[in-house]
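Right, one structure below, let's go through it.
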Amino acid sequence: MLDTVKRPQSSAATHCTSSDYETMYRRSVEDSDAFWLGQAERLDWVKAPTKGGEWSFDPVDIAWFADGKLNLCHNAVDRHAASRPDATALIFEPDDPQSAGRTLTYRELQSEVVAMANALKAIGVKKGDRVTIYMPMIIEGVLAMLACARLGAIHSVVFGGFSPEALAGRIEGCGSRFVVTADEGLRGSKRVPLKTNVDAALAEPDHDTPLDGMLVVKHTGADVPMTEGRDHWYHDVRSDADCPCEPMDAEDPLFILYTSGSTGKPKGVVHTTGGYGVWTATTFNYIFDYQPGEVFWCSADIGWVTGHSYIAYGPLLNGATQVIFEGVPNYPDHGRFWQVVEKHKVNILYTAPTAIRALMREGDDFVTRHDRSSLRLLGTVGEPINPEAWRWYFEVVGEERCPIIDTWWQTETGGCMLTTLPGAHDMKPGSAGLPFFGVRLQLVDNDGAVLEGANEGNLCITHSWPGQARTVYGDHDRFVQTYFSTYTGKYFTGDGCKRDEDGYYRITGRVDDVINVSGHRMGTAEVESALVSHPLVAESAVVGYSHDIKGQGIYCYVTLNAGEDGSDALYTELRNHVRTEIGPIASPDHIQFTDGLPKTRSGKIMRRILRKIAENDYGSLGDTSTLADPSLVERLIEGRQNR
Ligand code: WTA
């Protein structure tokens, strides 16, 4: 049983008290359509919807607000530019604290989005086209997303830390013929060669779709090669011409975002316009309890879903003021986050447990030397937060003054699903909390039997919600197979979860072959396929293990081709090989060379054993009698790396 921490009485008025929560939650499930059509009124519609949810999980077919028409760029930008033109929309804080930042009011944001949309048009982008955005964390990244929404083009943002190889797969995967990038990115004073990476991606041997156009934003001023006729500097093609917002059907796709699963290549998860817009606008309003004039800061990158929902869309749909941060938590020193909080008087901070753990390790002084009296609410997302890190965040960072929201959600859910609400609920460190409006959960055992009351099981969602992903781009069967086939008629999250007697949910981690490294989702299969693509590797198995800072680390077992030996040089080469194939976030923490992998007699790799050995917990390996070669386990234990 986890301790309860009483919710601090925050000074601001709140959008939701505990009795509101009870009433609203009940209404959201008992009278779902009326509830969500009511929430949909947060947005301006070209044609207001009369239909709520029309969906089935067997067969899988999901729609919300289907007869409505709207444009999310209008909702995020133009309507605020009209009503509150001088309100601050974006505050850019560059990587180097000595460099000049930049602030845009909503009126300026509108001019900038129009300029970007015209630039996209100039290179040939039209409604329905897919546009790959491979950008650093600068304002133009957000502009590119909103400009796509303005034109009705579908954005596919690829995290700037992914390698050319990974980028190529994501360009090819959705048949994108347009890329928006920058000369270089900056992270902790290091330069990231984005434009060069795009060129390398397009030169990949299996990349055969030519690009129609590329926009390049000048950021660092680095000298980069430009291909005549294909590549255009953004500053050369931007224009102030009139550029109206395209009216979109609620179910028109807004974006594709690639995410990892337990098998195969990353999937392009598709979110649509109306439901996603309503979900991000509503969750932002209630969960962050945003009050007019407050400064919000989400430290995620736009390459992940958190940066989509709680940078590009949720805050702007609510007309909020927010910080866009290019840098990293530990540059120039470990006080950088708190210096940004002090400088911009941040009221609401949303970050990841991995950052909190890393900063906690550096001591309190980096925090306390900065004024944090503006902070009112602290949030976390991306992975389970351990109670020690939670307490440090609560006590040291927030001085026990700020409620903490631990928000559980996924790329596929579009926005937060489980959390406490700051004005309504007490908190339990380590536990995400209660279902948001409209979220109906079930815990089931491995056979699919529903578990009631305080219990532990696999987390499923039984009813659709507006922010739910609709499909996997170009492969609806894969969508059905991945999420709805384990337990027919239910969406299976892939997470294990405990529910206590108060109905609070605590996520225990993935129960599939997905690992969560510093809050980044990674399929073990992806790392395995990167390893076996090396000419000397015969076979590999990759598992996660507990890591103090990263949450999980990457442990690789590698079998080499006959006659090859695992040397230190090869170890380094394989690590680099994975970085080249996927990106630095997939760098193996340990590689163990082995003469074989433990398999059942039918040839199935026994991952349970490999996980235990990686955890350095080999005392309780369970039944190994079904192994084809039982002596192999002894050799694996002998050679283990995580001692
Ligand atoms: C994990 C990130 C515990 C979980 C928004 C989920 C969490 C996966 C939490 C989705 C949390 C996310 N507590 N675990 N508050 N938030 N997760 O798609 O395993 O990058 O399935 O979305 O992160 O990762 P994704």
Side-chain angles (χ1 to χ4, degrees), residues 2 157-159 161-162 255-262 266-271 276 279-280 283-284 287 298-311 313-314 350-357 378-387 389-390 393 404-420 427-436 439 441 458-461 467-469 472 482-483 486 491-499 504-524 526 544 546 550-552 585:
L2 296 165
V157 184
V158 177
F159 174 57
F162 278 122
F255 68 84
I256 300 167
L257 183 58
Y258 283 86
T259 190
S260 299
S262 42
K267 299 177 284 289
V269 166
V270 177
H271 281 285
Y276 178 82
W279 192 251
T280 53
T283 50
F284 181 80
I287 297 172
C298 165
S299 74
D301 190 285
I302 54 163
W304 311 113
V305 76
T306 306
H308 282 61
S309 303
Y310 299 109
I311 295 179
Y313 292 103
Y350 192 35
T351 192
T354 189
I356 298 167
R357 286 191 297 264
L378 300 171
T380 87
V381 58
E383 50 179 317
I385 181 163
N386 45 313
W390 192 101
Y393 200 32
I404 291 187
I405 48 168
D406 173 358
T407 60
W408 172 85
W409 57 292
Q410 309 181 298
T411 303
E412 298 84 347
T413 70
C416 304
M417 300 293 277
L418 273 176
T419 182
T420 50
M427 305 163 293
K428 301 191 187 198
S431 163
L434 297 160
F436 186 69
V439 175
L441 304 171
N458 302 319
L459 183 63
C460 293
I461 308 177
Q468 181 170 25
V472 165
T482 307
Y483 304 106
T486 318
Y491 169 85
F492 175 44
T493 62
D495 280 320
C497 184
K498 281 187 179 154
R499 181 173 50 215
Y504 277 53
Y505 288 83
R506 173 151 73 99
I507 302 295
T508 52
R510 300 289 302 199
V511 294
D512 53 11
D513 288 321
V514 170
I515 52 181
N516 193 324
V517 183
S518 301
H520 301 146
R521 238 167 101 168
M522 201 136 3
T524 51
E526 277 170 75
S546 327
K550 300 201 264 188
Q552 283 192 297
I585 54 168

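First listed ligand is number 1; within each ligand, the first listed atom is number 1. Just the heavy atoms: all of them, side chains too, but no hydrogens, waters or symmetry mates, feed the values below.
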**Message:** Under the rule for salt bridge (Lys or Arg N to Asp or Glu O under 4.0 Å), what residues qualify as partners of Asp512, not counting sequence neighbours?
**Reply:** Arg510

Check each N or O atom of ligand 1 against all protein N or O atoms and list the pairs under 3.5 Å, with atom names and distances to 0.1 Å, one per line.
from	atom 1	to	atom 2	distance (Å)
ligand 1	13 (N)	Glu383	O	3.3
ligand 1	14 (N)	Pro384	N	3.4
ligand 1	15 (N)	Asp406	OD1	2.7
ligand 1	15 (N)	Thr407	O	2.8
ligand 1	16 (N)	Gly382	N	3.1
ligand 1	17 (N)	Gly382	O	3.4
ligand 1	18 (O)	Thr411	N	2.8
ligand 1	18 (O)	Thr411	OG1	2.6
ligand 1	18 (O)	Arg521	NH1	2.7
ligand 1	19 (O)	Asp495	OD1	2.7
ligand 1	19 (O)	Asp495	OD2	3.3
ligand 1	21 (O)	Gln410	NE2	2.9
ligand 1	21 (O)	Asp495	OD1	3.4
ligand 1	21 (O)	Asp495	OD2	2.6
ligand 1	21 (O)	Arg510	NH1	2.8
ligand 1	22 (O)	Thr411	N	3.4
ligand 1	23 (O)	Gly382	O	3.2
ligand 1	23 (O)	Asn516	ND2	3.3

**Asked** Of all residues at least two apart in sequence or in a different chain, which pass the ring-ring contact (aromatic ring centres under 6.0 Å, His included) check with Tyr491?
**Response** Trp465, Tyr483, Phe484

**Message:** If you take the centroid of each ring, where Trp contributes its six-membered ring, are His308 and Phe255 closer together than 6.0 Å?
**Reply:** yes

**Message:** Between Tyr350 and Thr306, is there a side-chain donor-acceptor contact under 3.5 Å, judged purely by atom types and distance?
**Reply:** no

**Asked** Using the ring of each side chain (for Trp, its six-membered ring), is His271 parallel, tilted or perpendicular to Tyr276, with breaks at 30° and 60°?
**Response** tilted

**Prompt:** Sequence neighbours excluded, which residues qualify as side-chain contact (heavy atoms from CB on, under 4.5 Å) partners of Asn458?
**Reply:** Val444, Asn446, Tyr487, Phe492, Val511

